[in-house]
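When a ligand or atom number is given, it counts from 1 through the structure's own listing order. Computed from heavy atoms alone, side chains included, the values below leave out hydrogens, waters and symmetry copies.
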Amino acid sequence: MGTVVDAANKKANGSIAEKKPTVIFVLGGPGSGKGTQCANIVQHFGYTHLSAGDLLRAEIKSGSENGTMIQNMIKEGKIVPSEVTIKLLQKAIQENGNDKFLIDGFPRNEENRAAFEEVTKIEPEFVLFFDCSEEEMERRLLGRNQGREDDNIETIRKRFNVFLESSLPVVQYYESKGKVRKIDAAKPIEEVFEAVKAVFKAKDEKAAA
Ligand code: UDP
Ligand code: MG
């Protein structure tokens, strides 16, 4: 259909496809350490970190017309409609000079995954999956005190449920394609990063071979 939004999307796709960026999806439950480890990867391996949650929170702050809807969904631990998140991700990729990206906290369900692939034609190089127990994730979320509206016990429980029901199937999908690099994320930050480094070094060695 020829809506203005479709046209804008097509335009964005064109440049994204031309760019052929390397994309790594970083997945794991809330509090599994995605953001922390992405910051380490940026430092050591020169990727650009795009947190879907941060992009959505920035969208709320910017006073966008979707702001209230996004805010309500985050408060309930629900997944924001794909088109909103994908548009933010596309824009961020397009505006950035880098050609390698860590996409953190997305795709969160099958629909996110399929829509991103359909719209951007990008397939992830691999999926970095941070595996962590709920007890440990809950402890971290309640302890992190970043003033996030969704870091309270009621929303945390909802986010865990959404993760199990909607996000884990995405990990399983990529597992069936041999694309998942699973990390034991219940350990201290430095130890987890050692395991992460091994994954990225293996990738670079494969590329050089
Ligand atoms: N969210 C979403 N789609 C995304 C990423 C995030 O709808 O692709 C929303 C969702 O409500 C989620 C919240 O943003 O619960 C926080 O996500 P974030 O990734 O920041 O949390 P984390 O998992 O890192 O604690
Ligand atoms: Mg995060």
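Because its NZ or CZ atom is both nearer than 6.0 Å to the ring centre of Y173 and within 45° of the ring axis, R113 counts as a cation-pi partner of that residue.
Between the side chain of N98 and the backbone N or O of G46, at least one donor-acceptor pair lies under 3.5 Å. Side-chain N or O atoms of D150 include none that pairs as donor or acceptor with a backbone N or O of N152 at under 3.5 Å.
Think of I79 as one node in a network of Ile, Leu, Val, Met, Phe, Trp and Tyr side chains linked at under 4.5 Å; its network also takes in V162.
For F25 and F116, the ring centers sit closer than 6.0 Å to each other.
Near ligand 1, residues P30, G31, K34, A52, G53, L56, R57, M73, I74, G77, K78, I79, V80, T85, G105, F106, R108, R144, R148, D150, R159 each place a heavy atom inside the 4.0 Å sphere around the ligand atoms.
K179 and F126 make their closest contact through O-CB, 3.3 Å (heavy atoms, listed as atom of the first residue, atom of the second, distance).
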